Amino acid sequence: MKVVLLGPPGAGKGTQAARIAEYLNVPSVASGDLFRDHQKRDTELGRLARSYMQRGVLVPDEVTISMVTEWIETEAGDGGFLLDGFPRTLGQAEALDGALSNADGLDRVLYIRVANDELVRRLTGRLVCRECGVTFHRVSNPPPADGACGDCDGGELYEREDDRPEAVGKRLEVYFSETAPLIDYYREAGILREVDGEQSIEDVGQELVEKLGGAS
């Protein structure tokens, strides 16, 4: 299956994407991972993306789409795949459809729905390890008592600037303004399935798997 997993920041897409990809036995990627990979390898696309980011402007859709389609061709070929958090805008969705026009398009778009106040609660409590990148949450997944990472050799934990309350509110505002038309687009195409993201991680995962089968 060719699947897109959508959801706002804090919805738990990363955790569920790994589970779904394993269940389907397909490769998966998040657009952020592609940006980091291209910049690390200093590819032409990576340099182009960096030139926009250094100026503080959004990377054009055509650059992001080129990265995604290249990854699909390289990693998935004619098989299935899972895209985590991409597309983000209606323009990206239309471009992706065009890129997949010879492969019968997407099979399913899964949307993890979480209320705004719950997203703020989750995001403002997040702590990240500087060494290994693992995340904790002050309430739902607290770090060890000494405040250091328990997954590596005691790496320092910090709060990202975009996880502070004022930044979180702005991130969510931008996300929902961009994503609302995208959700309608896939709903009208008949391939959107929504899941309540405020359940337990296990229940969200189970419902996502069930929705892959086509139940609305």
Side-chain angles (χ1 to χ4, degrees), residues 1-9 11-112 133 171 174-195 208-209 211-212 214:
M1 294 185 74
K2 298 181 290 296
V3 179
V4 162
L5 180 64
L6 298 179
K13 294 187 302 300
T15 299
Q16 299 299 342
R19 295 182 174 200
I20 295 170
E22 182 178 4
Y23 173 77
L24 294 174
N25 193 27
V26 297
S28 68
V29 75
S31 56
D33 294 335
L34 289 178
F35 277 98
R36 286 186 287 272
D37 176 61
H38 276 269
Q39 293 190 50
K40 181 179 179 180
R41 293 189 288 119
D42 197 32
T43 66
E44 182 178 351
L45 285 172
R47 291 191 295 272
L48 184 57
R50 187 184 300 118
S51 71
Y52 287 99
M53 295 165 70
Q54 289 175 339
R55 285 179 279 155
V57 297
L58 292 176
V59 178
D61 283 351
E62 56 265 28
V63 177
T64 309
I65 282 289
S66 294
M67 289 184 181
V68 172
T69 53
E70 178 187 286
W71 177 85
I72 290 173
E73 292 169 0
T74 302
E75 300 296 328
D78 295 328
F81 58 80
L82 174 70
L83 297 179
D84 171 6
F86 179 88
R88 281 282 300 272
T89 66
L90 185 57
Q92 290 178 354
E94 292 171 339
L96 180 62
D97 281 349
L100 297 175
S101 59
N102 294 327
D104 298 326
L106 294 169
D107 295 301
R108 191 75 68 239
V109 175
L110 302 172
Y111 177 53
I112 303 177
R171 285 171 65 197
V174 170
Y175 178 85
F176 285 115
S177 66
E178 289 180 340
T179 306
L182 182 60
I183 297 303
D184 291 339
Y185 176 79
Y186 285 127
R187 182 179 289 114
E188 290 174 7
I191 59 174
L192 181 77
R193 302 291 183 269
E194 295 190 40
V195 169
L208 286 168
V209 168
K211 293 295 176 71
L212 284 171

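Note that the structure is predicted; figures quoted are calculated from it, not measured.
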Taken to the nearest 0.5 Å, the spacing of I72 CD1 from L96 CG works out to 5.5 Å
How close do A93 and L182 get, heavy atom to heavy atom, and via which atoms?
CB-CD1, 3.2 Å
Shortest non-hydrogen contact between I112 and A11, atoms and distance:
CG2-O, 3.7 Å
Ignoring hydrogens and angles, write down the donor-acceptor pairs under 3.5 Å from the side chains of residues 16-23, residues two or more places apart or on other chains.
residue : atom : partner : partner atom : Å
Q16     : NE2  : I201    : O            : 3.0

Sort out for me which residue in L192, L110, L106 forms a side chain to side chain contact (heavy atoms under 4.5 Å, CB included) with V4.
L106
In this structure, CG of L5 is separated from OH of Y111 (nearest 0.5 Å) by 11.0 Å
Residue set satisfying salt bridge (charged side-chain N to carboxylate O under 4.0 Å, His left out) with R55, at least two apart, ordered chain then number -> none
Correct closest heavy-atom pair for Q92 and I65 would be O-CD1, 3.6 Å
What distance do T69 atom OG1 and E73 atom CD have between them, rounded to the nearest 0.5 Å?
5.5 Å
Main-chain N/O of R193 paired to R108 side chain as donor or acceptor, under 3.5 Å:
no
If you take all heavy atoms of P27 and W71, which pair is closest and at what distance?
O-CH2, 3.6 Å
For G7 and K13 the tightest heavy-atom approach is O-NZ, 2.9 Å
Results of salt bridge (charged side-chain N to carboxylate O under 4.0 Å, His left out) for D107 - residues two or more places apart only
K2
A side-chain contact here means heavy atoms from C-beta on lying under 4.5 Å apart; do F35 and V59 qualify?
yes
Using the rule given for side-chain contact (heavy atoms from CB on, under 4.5 Å), can you reason through V29 versus E75, listing the C-alpha separation, both sets of side-chain angles and the distance that settles it, and then say yes or no?
CA-CA 10 Å; V29 75; E75 300 296 328; over 6 Å; no
Where at least one partner belongs to residues 178-192, residue pairs that pass side chain to side chain donor-acceptor pair (under 3.5 Å), sequence neighbours excluded
R88-E178, D97-Y185, D184-R187, R187-E194
Quick one, T89 with D61, criterion side-chain contact (heavy atoms from CB on, under 4.5 Å). Give me CA distance, side-chain angles, the key distance, then yes/no.
CA-CA 9 Å; T89 66; D61 283 351; 3.5 Å; yes
For R36, what residues pass the salt bridge (charged side-chain N to carboxylate O under 4.0 Å, His left out) criterion, not counting sequence neighbours?
D33
Here the pair of heavy atoms bringing Q39 nearest to G46 is CG-O, 3.7 Å
Going by the rule salt bridge (charged side-chain N to carboxylate O under 4.0 Å, His left out), which residues pair with D42 if we only count those two or more places apart in sequence or in a different chain?
R47, R50
Which distance, rounded to the nearest 0.5 Å, do you find between the OG1 of T43 and the CE of M67?
5.5 Å
Working to the nearest 0.5 angstrom, can you tell me the gap between L82 CG and N25 CG?
12.5 Å
